[in-house]
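Numbers restart at 1 for each chain; the letters A, B, ... are given by sequence-line order, proteins then strands.
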Amino acid sequence: MPKPRVIYWFRTDLRLHDSPALKAALDLKPECLYPIWTWDPHYVYRARVGPNRWQFLLDSQNDLSASITALNPKSKLFLIREAPQTLLPKLFRAWQITHLVFEKDTDAYARERDDTVMALAKKAGVEVVVRTGRTLYDPDELIKFNKGKPTMSISQVQAAGAKIGDIARPIPAPKSLPDPGNTNLDFEQEVPVPTPDFNSNQRDRDENTYSAIAGPNGDFAVPTLNELGLRKPSSPHRGGETLALEALAKIIANKTYTATFEKPNTAPTAFEPQSTTLLSPHLHFGSLSCREFYWRVQDVVSTFKGKASQPPTSLTGQLLFRDMYFGAQADMGHSFAQTYNNSHCRFIPWHLPSEIDAETGRATGEYQTDDSQAQEWFTRWKYGRTGFPWIDALMRQLRTEGWIHHLGRHAVACFLTRGGCYIDWERGADVFEEWLIDHETACNVGNWQWLSCTAFYAQFYRCYSPIAFPKKTDPEGDFVRRYVPELERFDKKYIYEPWKTPIADQKAWGCIIKGDGTEESKGDMHVYPKPMFDFPERREVCIKAMKKAYSIGLYGNDPKVLDGTWRALFDDDAEGPTEGKQGPPGAMVVDEQKEADEEEAVQSSEQKARTQKKKEVITNAGQKREAGQGTLDAMVVRKKKKKV
DNA sequence: CGAACCGTTGGGTTC
DNA sequence: CGAACCCAACGGTTC
């Protein structure tokens, strides 16, 4: 038997401590171990990732690479710039690999990717070793012990978890690592096609990370933000296992905080420091193990002299919610992240619905602008110009720092969907995906469904007020003053509703409340927009619309949703794109043939204008661009035409 | 089977 | 000022 030559494939497990998969690799007693990262074009071009999360990823990779080198000066994180599906078979041959080891990943794309890679490994005679480590429980096990169904409530997770058994204690980081073998790459690099590039709006120059397979210096280095062509990151939150373990230690040192933490009682208005742990981005990239977190907390709780908090509100409870969302996503795959064809997501006729590729049934990443006012509200929401200081402060904090408090996320999500704009939760999820440094598809999508009352939660009459809610924890308005500095000098009486401020006071406090957020400040006088709608009025409209949608009771996989006949069930004057003749022909699907027929049949100039408007494609940045070559639209069109 | 109760995180009024 | 209660009312689970 030849001695094992092992590739350890790092993905969302950028750490050395508590890695069951890395332990499995070392247990093989390999002759050589290659710690690698495959620079996947799916992540570079297809996922929405802003500069702040890129920075966090590169931080995490660089820190891990340094830690590997500290254990073995010959080793590092070998970063190889090619899609894993084409790269790995070539590596198997070039390095005479016997084993491929990685941590299980149940994300929809990751499953497909790993299935492909496992088939290729089998073909190459390479043994694959997979270990669970990303969540407290294996999501597939959770489903199995939840009667084969997705975990949709925390009690289901707790019941299934009790059947699975104890959560494993963390594994210490290895004290040494085997040498890598030769690192020859005597094969051709397959350079990916960079279009469509969903991250083009994140760049201010060309992306150039595929210039050479082992990087511009041939040293397998982690790419730089410069190579990625990214705009400058603005977040103060930085990544890496070293920082993660330091941050955890600091939290654990405060025994009262750790043992009595109750999420609903933490303040979303707190900043410097924030009221929650901010460990979520480390959990996402795997620079912190969830079991390390769980047991360090549990050990404090079990020796705590006072009354400790309990799941689901306690710190460990937060990890259970994470597992719940993974257990839901793992069962539903791609359909989990969209309404269309989702068996567990309620259908609500929101504005700005996702465009669906009729062939695959999957969201294309684009959306339909059914209503110009909703589009304007969406853009104002995204860029923090709604005229509601609480909402705007949160969205500005999100954009610049990449992190906001969980309850702040509730506030902006409720406002965008069922409690204000009546805009599709998928639009909000897209923005969070782009800007959050802790973006985790399962948790992000799950929480957007929760807040929009389309899954996990149904009490839509409980609605967050952008005025009353922040007042509870921040009557002075310090949070708003920090992130909406033009209102810094406003009296606390008006800080959450500045449009009520007398003109004389507006002038005295240096900010005029007027316009829609597009107006420039004049001299030393700032301008802050008027609220974009009357909130109590919108709340009433939304609750009424939600009540109607609930009574109709469709889910995303209902035949009426799939074929578009849902329209007949909703009133023409209700919220949402419900107007039978004016709306897109089939559910959220744009049927190209029908669209073309309609175009030909256009008679009035009014209709003509509308048809032309539909041809504009709105990017995830809310910027209009021409639909054409290089867009996902174009790709889909090509695919369809080929079939015809 | 129906009623009661519960669900991590609402707002407003009353006491 | 904090706790208790109502508002108008969801689905899922328990009894």
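A:Arg462 has its CZ atom 14 Å from the P atom of B:dG12, to the nearest Å. If you measure from atom CZ of A:Arg409 to atom P of B:dG10, you get 18 Å, rounded to the nearest angstrom.
Residue whose closest nucleotide on DNA chain C sits further toward the 5' end, between A:Gln156 and A:Tyr461: A:Tyr461.
Straight-line distance between the P atoms of C:dC7 and B:dT8: roughly 25 Å, to the nearest whole Å. Taking the P atom of each, C:dA8 and B:dG7 are spaced 24 Å apart, rounded to whole Å. Across B:dA4 and C:dC6, the matching P atoms stand 15 Å from one another, rounded to whole Å.
Here the side chain of A:Ala468 is nearest to one of C:dG11, B:dG12, B:dT8, namely B:dG12. Candidate nucleotides B:dG11, C:dG11, B:dG10 were compared by shortest atom distance to the side chain of A:Tyr457, and B:dG10 ranks first.
Counting only N and O atoms by type, the side chains of A:Ser19 and A:Glu103 include no donor and acceptor under 3.5 Å apart. Between the side chains of A:Ser354 and A:Arg427, a donor-acceptor pair is found at a separation under 3.5 Å.
Here the side chains of A:Phe415 and A:Trp390 are not in contact, with every heavy-atom distance at 4.5 Å or above.
Stacking between A:Tyr550 and C:dC10 is absent: the aromatic ring centre is not both under 5.5 angstrom from the base six-membered ring centre and within 30 degrees in plane angle.
Checked options A:Trp425, A:Phe321, A:Trp450, A:Trp448; the residue passing with A:Tyr457 is A:Trp450 (criterion: ring-ring contact (aromatic ring centres under 6.0 Å, His included)).
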